[in-house]
Amino acid sequence: MIKTRRKITVAIADDHVLLRNALARLVNMFEDYTVIFEAGNGKELKTQILQHGIPDIVMLDINMPEMDGYETAQWLNKNYPQIKILTLSMLSDEKAIIKMFRLGAKGYLLKNTNPDELKLALNTLSEKNFYLSDYVSEKLVRGLNIDGGKEEKEVILNEKEREFLRWACTELSYKDIAAKMFLSTRTVDDYRASLFSKLKVHSRVGLVMYAIRNGIVQ
């Protein structure tokens with residue numbers, strides 16, 4: 001008997017109905033994905049999750065009425081940290097991009113993105129837990145000075161933590177990083193949790209931004 005592979009479930013939160021519907025049709029055309037519900041804002045998204053279940057990925061707009069993308073990302077990260085948030089917005093400035101990543105987003109696309117990149121972003125999110133396009137990577141690096149604001153308190157890292165940070169700046173999964181460092185996946189998970197706490201970040205992107213800002217990677 002041939003086993004049917006489970007499709008990756010997606011929810012879309014965007015207040016523009018036509019765009020939202022078009023996105024849903026597009027994602028449903030991708031072989032491994034299915035849209036389980038749509039919402040017009042974060043408040044609707046909360047209700048839909050209770051009614052239809054927890055999606056694997058939420059495609060999230062920023063500018064929405066009642067409960068915008070920032071508030072929704074924060075709520076999702078607190079209540080459903082297993083959900084991968086892919087921001088899809090018209091906002092292209094560094095502050096918006098950095099803020100969404102700080103609130104728990106795992107990827108960020110502009111609404112003029114072509115379908116091939118959307119599919120790549122979904123695939124990469126599913127396999128590696130985060131997606132950084134060249135455009136967003138450049139914006140993040142440019143925005144580091146803006147994001148820096150106050151001086152960071154110096155954090156002392158040991159060599160293994162610094163090595164882990166360098167690997168975290170690649171596209172390797174945490175499992176692959178464990179193999180590269182000759183460690184168990186549990187030990188690597190411990191490094192990640194420890195660094196999240198030490199550096200006061202909440203995502204892999206936060207680790208990457210810290211590593212770049214502090215010269216651990218170029």
Side-chain angles (χ1 to χ4, degrees), residues 1-42 44-62 64 69 72-73 75-77 79-90 97 100-101 103-137 167-180 185 188-189 192 203-205 208:
M1 185 176 177
I2 298 173
K3 273 192 176 181
T4 305
R5 193 163 119 185
R6 185 185 82 87
K7 289 199 171 189
I8 296 162
T9 55
V10 178
I12 300 172
D14 193 305
D15 62 321
H16 293 95
V17 181
L18 288 176
L19 175 61
R20 192 173 75 225
N21 292 168
L23 273 172
R25 286 195 296 274
L26 176 62
V27 173
N28 281 327
M29 289 172 64
F30 298 155
E31 185 179 355
D32 296 323
Y33 299 88
T34 183
V35 175
I36 58 172
F37 63 81
E38 302 171 34
N41 54 56
E44 284 184 21
L45 181 72
K46 290 167 74 171
T47 303
Q48 295 275 36
I49 287 175
L50 293 175
Q51 290 178 350
H52 300 287
I54 303 169
D56 298 309
I57 296 171
V58 168
M59 293 171 58
L60 184 62
D61 189 16
I62 293 178
M64 299 184 293
T72 305
W75 181 84
L76 285 171
N77 196 36
N79 293 279
Y80 298 100
Q82 72 271 38
I83 294 177
K84 298 166 185 177
I85 302 169
L86 176 61
T87 308
L88 193 62
S89 175
M90 292 295 292
I97 294 169
M100 283 303 292
F101 278 120
L103 292 172
K106 305 294 185 185
Y108 195 110
L109 291 176
L110 298 181
K111 285 188 175 178
N112 62 358
T113 297
N114 65 55
D116 287 341
E117 184 169 11
L118 174 59
K119 187 176 182 184
L120 174 63
L122 291 172
N123 289 344
T124 308
L125 265 185
S126 301
E127 294 166 11
K128 300 179 180 177
N129 205 43
F130 75 105
Y131 175 74
L132 288 178
S133 66
D134 291 340
Y135 176 84
V136 169
S137 297
W167 284 117
C169 294
T170 69
E171 290 194 352
L172 292 176
S173 67
Y174 287 120
K175 183 178 178 182
D176 291 337
I177 290 172
K180 291 285 187 182
T185 52
V188 161
D189 286 343
R192 177 182 59 189
S203 68
R204 185 165 177 172
V205 174
V208 172

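Residue indices begin at 1 and follow the sequence shown.
- By the 4.5 Å heavy-atom criterion applied to side chains, E127 and S173 are not counted as neighbours.
- Considering every non-hydrogen atom in both L125 and K84, the closest pair reads O-NZ, 3.1 Å.
- Residue pairs meeting the salt bridge (Lys or Arg N to Asp or Glu O under 4.0 Å) criterion with at least one partner in residues 22-36, sequence neighbours excluded, are R5-D32.
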Please lay out, stage by stage, how V10 and T34 fare under the test side-chain contact (heavy atoms from CB on, under 4.5 Å). CA-CA 6 Å; V10 178; T34 183; over 6 Å; no

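- Using a 4.5 Å cut-off on side-chain heavy atoms (C-beta onward), T170 and K180 make no contact.
- In this structure the side chain of I8 never reaches within 4.5 angstrom of the side chain of L122, judged on heavy atoms.
- Taking CD1 from I12 and CG from L23, the interatomic distance works out to 5.0 Å, rounded to the nearest 0.5 Å.
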Show your reasoning for whether side-chain contact (heavy atoms from CB on, under 4.5 Å) applies to N79 and K46. CA-CA 10 Å; N79 293 279; K46 290 167 74 171; over 6 Å; no

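- No side-chain heavy atom of M64 sits less than 4.5 Å from a side-chain heavy atom of L45.
- The nearest pair of heavy atoms linking A121 to Y131 is CB-CD2, 3.5 Å.
- Across all non-hydrogen atoms, the minimal contact from S89 to I62 is OG-CD1, 3.8 Å.
- Distance CG/L60 to CG/L76: 7.0 Å, rounded to 0.5 Å.
- Side-chain atoms of D61 do not come within 3.5 Å of backbone N or O of A13 as any donor-acceptor pair.
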Check step by step if side-chain contact (heavy atoms from CB on, under 4.5 Å) holds for I57 and S126. CA-CA 8 Å; I57 296 171; S126 301; 3.8 Å; yes

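- Remark: side-chain polar atoms of Y33 are not paired, donor with acceptor, to backbone N or O of L26 under 3.5 angstrom.
- Applying the salt bridge (Lys or Arg N to Asp or Glu O under 4.0 Å) rule to pairs touching residues 113-125 yields nothing, sequence neighbours excluded.
- Not counting sequence neighbours, the partners of N21 by the side chain to side chain donor-acceptor pair (under 3.5 Å) test are E38.
- In plain terms, the two heavy atoms of K111 and L88 that are nearest each other are CE-O, 3.5 Å.
- In this structure, I36 CD1 and I54 CD1 are separated by 9.0 Å, a value rounded to the nearest 0.5 Å.
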Using the rule given for side-chain contact (heavy atoms from CB on, under 4.5 Å), can you reason through I83 versus I49, listing the C-alpha separation, both sets of side-chain angles and the distance that settles it, and then say yes or no? CA-CA 11 Å; I83 294 177; I49 287 175; 4.3 Å; yes

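- Using a distance-only test at 3.5 Å, with no hydrogens or angles considered, no donor-acceptor pair links the side chain of N77 to the main chain of A73.
- Rounding to the nearest 0.5 Å gives a distance of 7.0 Å between NE2 of H52 and CZ of F37.
- Residues D15 and N41 are not in side-chain contact: their nearest non-hydrogen atoms beyond the backbone lie 4.5 Å or more apart.
- The distance from atom CG of D189 to atom OH of Y174, rounded to the nearest 0.5 Å, is 8.5 Å.
- Judged purely by atom type and a 3.5 angstrom limit, N129 has no side-chain atom pairing as donor or acceptor with the backbone of K106.
- Going from atom CG of L109 over to atom CG of L118 covers 6.5 Å, rounded to the nearest 0.5 Å.
- Counting non-hydrogen atoms of other residues, nucleotides and ligands closer than 6.0 Å to CG of L18 gives a total of 12 or fewer.
- Of all non-hydrogen atoms in A105 and T87, the two that sit nearest each other are CB-OG1, 3.6 Å.
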Chi angles and distances behind the salt bridge (Lys or Arg N to Asp or Glu O under 4.0 Å) call for K128, D176: CA-CA 10 Å; K128 300 179 180 177; D176 291 337; over 6 Å; no

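- Nearest approach of Y80 to L50, heavy atoms of both residues: OH-CD2, 4.3 Å.
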